[in-house]
Each structure stands twice: as C-alpha cells, then as structure tokens.
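Each remark here refers to the structure printed beneath this line.
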Amino acid sequence: FFIITFSAFIFCSCSKHQVRHTVQYFISSEGNMNVGFNDVHGQMIYLNNVSSEWKYSFNAPQDGRSVTLVVSSVDGNVVSGAILVDGEEAAISNSHEMSITITTRLP
C-alpha cells in the first residue's frame, strides 16, 4: 500500500502542468457588457449582457500562455478591465472607449 501511495504522489508532483498561477479578470462599466476571455484550458469564452460585478478567476498551469480579456459595452458606456496574475496587475485598460482588448503572457 505504501509503495502505491508513494508512486501516485511522485507521479502527481512531477506533472509538467502543475498549477502555478492564479489569473483573475475584472471588468467595470455603467451598464451591461459583452465579455470574451481565455478560460483555464486556453479557450475563448464569450458572455453577453454581463454586469459590472462580473469577475472570473482560475488556476493556470505554468506554461507561458497568453490570456486575453475583451470587453465591449452593450449600451454605449465606457468600459474598463484588468487582468491580475497572482494578485498583481498584469494588464489594465482604463481607456475612454466603449470596447477594449487586453492581453498578457503568464510567466
């Protein structure tokens, strides 16, 4: 039993895709927004009519991938967004536009 448990521990701890970074997306606007973002698998996910209270986070493997956040206003208001990696600002946009795209690469 000990050998099986120890072998499983070694196998899991040697995975090249261990979780290494926490990615967080934040958005804000006076109205509703459409949002596109990379998820934990690197796929772009699109959501419509989200409020400024929307945020999303996931644990990412240490693989140097790029993550992108796309925000556009539904009703013509200014939008802003931020990507935090491990609690630190990695990309931010506070433009006076109705649409933004920000991207950062994970370390």
Side-chain angles (χ1 to χ4, degrees):
F1 178 75
F2 175 76
I3 293 172
I4 293 171
T5 305
F6 182 73
S7 297
F9 173 77
I10 295 298
F11 176 76
C12 292
S13 66
C14 293
S15 173
K16 68 177 184 174
H17 294 292
Q18 288 180 344
V19 172
R20 299 290 180 167
H21 302 290
T22 300
V23 176
Q24 297 172 292
Y25 300 115
F26 294 93
I27 61 171
S28 65
S29 179
E30 294 289 323
N32 289 336
M33 296 159 281
N34 294 329
V35 179
F37 60 94
N38 291 108
D39 70 0
V40 66
H41 305 292
Q43 301 296 314
M44 280 300 284
I45 305 295
Y46 296 95
L47 302 174
N48 295 319
N49 291 310
V50 299
S51 72
S52 64
E53 297 169 7
W54 181 89
K55 58 187 171 197
Y56 180 77
S57 65
F58 63 93
N59 293 321
Q62 185 175 1
D63 60 2
R65 72 176 69 181
S66 291
V67 291
T68 299
L69 175 64
V70 179
V71 184
S72 61
S73 175
V74 171
D75 43 18
N77 290 308
V78 173
V79 298
S80 63
I83 302 172
L84 278 63
V85 177
D86 300 328
E88 301 289 325
E89 285 184 357
I92 190 166
S93 177
N94 287 324
S95 70
H96 297 288
E97 303 293 326
M98 295 184 310
S99 179
I100 60 166
T101 300
I102 53 177
T103 300
T104 191
R105 181 172 295 281
L106 301 180

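No experiment lies behind these values; they were computed from the predicted model shown.
Summarising the hydrophobic clusters (Ile, Leu, Val, Met, Phe, Trp, Tyr; side-chain heavy atoms under 4.5 Å, direct or chained), the residues clustered with M98 are none. Hydrophobic cluster of V70: the remaining members, joined at side-chain heavy-atom separations below 4.5 Å, are M44, Y46, listed by chain and number.
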Which pairs of donor and acceptor atoms, one on a side chain in residues 78-94, lie under 3.5 Å apart (sequence neighbours left out)?
unit_1	atom_1	unit_2	atom_2	d
S80	OG	S28	OG	2.5
D86	OD1	T22	N	2.8
D86	OD2	H21	ND1	2.8

In a table with atom names and distances, give each donor-acceptor pair under 3.5 Å that connects a side chain of residues 31-42 to protein atoms at least two apart or in another chain.
unit_1	atom_1	unit_2	atom_2	d
N34	OD1	N49	N	3.1
N38	OD1	T68	N	2.7
N38	ND2	G42	O	3.0
D39	OD1	H41	N	2.9
D39	OD1	G42	N	3.1
D39	OD1	Q43	N	3.0

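Residues P107 and Q62 approach most closely at O-CG, 4.0 Å, considering heavy atoms. Closest approach of A60 to L106, counting heavy atoms only: CB-CD1, 3.6 Å.
In this structure the side chain of L69 never reaches within 4.5 angstrom of the side chain of T101, judged on heavy atoms.
Under the side chain to side chain donor-acceptor pair (under 3.5 Å) criterion, N77 pairs with D75, sequence neighbours left out. Every residue was checked against the salt bridge (charged side-chain N to carboxylate O under 4.0 Å, His left out) condition with R105, not counting sequence neighbours, and none meets it.
Judged as a ring pair (Phe, Tyr, Trp, His ring centres under 6.0 Å), the pairs with a partner in residues 57-94 (not counting sequence neighbours) are, in order, Y56-F58.
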Working for side chain to side chain contact (heavy atoms under 4.5 Å, CB included), residues F26 and W54: CA-CA 7 Å; F26 294 93; W54 181 89; over 6 Å; no

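Placement of V74 and I45 in two distinct hydrophobic clusters is found when ILVMFWY residues are connected by side-chain heavy-atom separations under 4.5 Å, directly or transitively.
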